[in-house]
2 protein chains.
Amino acid sequence: MQKQETLSKNQKIILDLIEKSDQPLKAYSILFDVKKKGINAPLQVYRALNKLVKIGKIHKIESRNAFIACKNSKCQIAKATVFSICESCEDVTEIHDHKLSEHLRDFKDNKGMKYNKYNLEFFGLCKKCV
Amino acid sequence: MQKQETLSKNQKIILDLIEKSDQPLKAYSILFDVKKKGINAPLQVYRALNKLVKIGKIHKIESRNAFIACKNSKCQIAKATVFSICESCEDVTEIHDHKLSEHLRDFKDNKGMKYNKYNLEFFGLCKKCV
DNA sequence: AACGCTGTGTAATAATATAACATATTTAAG
DNA sequence: CTTAAATATGTTATATTATTACACAGCGTT
Ligand SMILES: [Zn+2]
Ligand SMILES: [Zn+2]
Ligand SMILES: [Zn+2]
Ligand SMILES: [Zn+2]
């Protein structure tokens, strides 16, 4: 609750929109929706999205090229994301699993690589779609 | 060693190219390279890529929109992929870690979702780039 | 006042991926 | 062997996703 205040006008408009959706939104659908607020060009959207991703307010679902709000109020974890994605209805949920996070955080490869971020996407069928 | 034989002409051309590279290739760079072999259009490349991904011969690096050959000769695991990605030199390596695979395979969320696939991408700096 | 930093606005374009249509080839069944 | 289904091809056009380049505005620091 310290960075929220410093968001710019465009960043606020776009974060608001994404937070109102419980599902990921695509950049050009966001653009369409915020045109009434005076945001006219893709670049204005992408600039805001990039910033919001950077500060952890939203996450990008890489396999879907879409953006979802982070619901975790303590989310310092733009750098450690896990999602479940239903391949039928495309429902996306962010997962916070302590044990899994631990395993991922502690993972070491055999090449001496220094990790600072990961993204994990699970795919399958949700309860409704099985 | 049973599906290799059934690959079509275009699929073979494109798999060969990707296998010769130890790093991920992008679709339009592949297109450029295979034009001399008579493949002229993006769709011809994407169709082959999609098939090769499906049968596990290659994987898509989602965060990079690029495709890398699977080096695991027993790879039935198009559906369980882990990569490390250097954010400086963009070097990508597929990771096969038994313990990590187990944790991921056994992961259950609290929503009763039925998983059949996952993709995990680690980001950081490789030894050379630290 | 001069500078660095961040954000805005706009136009143009690059990069990634698919739709639609016609045809060919391979496979499996009758 | 014939037919039908499934898979692959070739081509054109188009959709979708994302960035480059340029001009300028606002703010805090020195
Ligand atoms: Zn989050
Ligand atoms: Zn579903
Ligand atoms: Zn593999
Ligand atoms: Zn590196």
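Keep in mind it's a predicted model, so treat the numbers as computed, not measured. Naming convention: chains lettered A, B, ... in sequence-line order (proteins, then strands); numbering from 1 in each chain.
Rounded to an integer number of Å, the gap from CZ of Phe32(A) to C1' of dT17(D) is 18 Å. At whole-Å resolution of the value, CG in Leu49(A) and P in dT17(D) are 12 Å apart. Distance Ile30(A) CD1 to dT16(D) P: 15 Å, rounded to the nearest Å. Protein atom CD1 of Ile14(A) is 13 Å distant from nucleotide atom P of dG7(C), rounded to whole Å. As rounded to whole Å, 11 Å separates atom P of dT10(C) from atom CD1 of Ile39(A). Atom pair Leu7(B):CG and dT25(C):P shows a separation of 19 Å (rounding to whole Å applied). If you measure from atom NZ of Lys37(B) to atom C1' of dG10(D), you get 19 Å, rounded to the nearest angstrom.
The shortest side-chain heavy-atom distance between Ile55(A) and Leu7(A) falls under the 4.5 Å cut-off. When side chains are defined from C-beta on, Lys111(A) does not count as touching Cys126(B), because their heavy atoms never get closer than 4.5 Å. The closest side-chain heavy-atom distance from Leu100(A) to Leu104(B) is below 4.5 Å. The closest side-chain heavy-atom distance from Val82(B) to Asp97(B) is not below 4.5 Å.
For the ring pair (Phe, Tyr, Trp, His ring centres under 6.0 Å) test, no residue two or more places apart in sequence or in another chain qualifies with Tyr46(A). With sequence neighbours excluded, the residues satisfying salt bridge (charged side-chain N to carboxylate O under 4.0 Å, His left out) with Glu87(B) are Lys117(A). In terms of the salt bridge (charged side-chain N to carboxylate O under 4.0 Å, His left out) criterion, residue partners of Arg64(B) (sequence neighbours excluded) are, by chain and number, Glu90(B).
For Lys51(B), counting side-chain heavy atoms from C-beta on, the closest listed nucleotide (dT7(D), dT6(C), dT9(D)) is dT7(D).
Taking the six-membered ring for Trp and thresholds of 30 and 60 degrees, Phe122(A) and Tyr118(B) have ring planes more than 60 degrees apart, a perpendicular arrangement.
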Close N or O pairs between protein and nucleotides 12-16 of chain C (under 3.5 Å):
residue	atom	partner	partner atom	Å
dT16(C)	OP1	Lys26(B)	NZ	2.5

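Put simply, Ser8(B) has a side-chain N or O that comes within less than 4.0 Å of OP1 or OP2 on dT9(D). Proximity of Gln44(A) to the phosphate of dG9(C): a side-chain N or O atom is located under 4.0 Å from OP1 or OP2. Residue Lys12(B) has no polar side-chain atom (N or O) positioned under 4.0 Å from OP1 or OP2 of dT9(D). Contact annotation: Asn10(B) side-chain N/O to dG10(D) OP1/OP2 distance is under 4.0 Å.
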- Reading 5' to 3' through nucleotides 23-28 of chain D, protein heavy-atom contacts under 4.0 Å coded B for base, S for sugar-phosphate only, - for none: ------
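Within the helix from dA1(C)-dT30(D) to dG30(C)-dC1(D), the inter-axis angle between the opening and closing five-pair segments is 30°, rounded to 10°.
Atom NZ of Lys37(B) is separated from atom NZ of Lys12(B) by 12.0 Å, given to the nearest 0.5 angstrom. A distance of 4.0 Å separates CD of Glu121(A) from CD1 of Ile85(A), quoted to the nearest 0.5 Å. Once rounded to the nearest 0.5 Å, the distance linking NZ of Lys51(A) with CG of Leu15(A) reads 11.5 Å. How far CD1 of Ile95(A) is from CG of Leu120(A): 7.5 Å, rounded to the nearest 0.5 Å.
Using a 4.0 Å heavy-atom cutoff across all strands shown, Gln11(A) reaches sugar-phosphate atoms only and no base atom.
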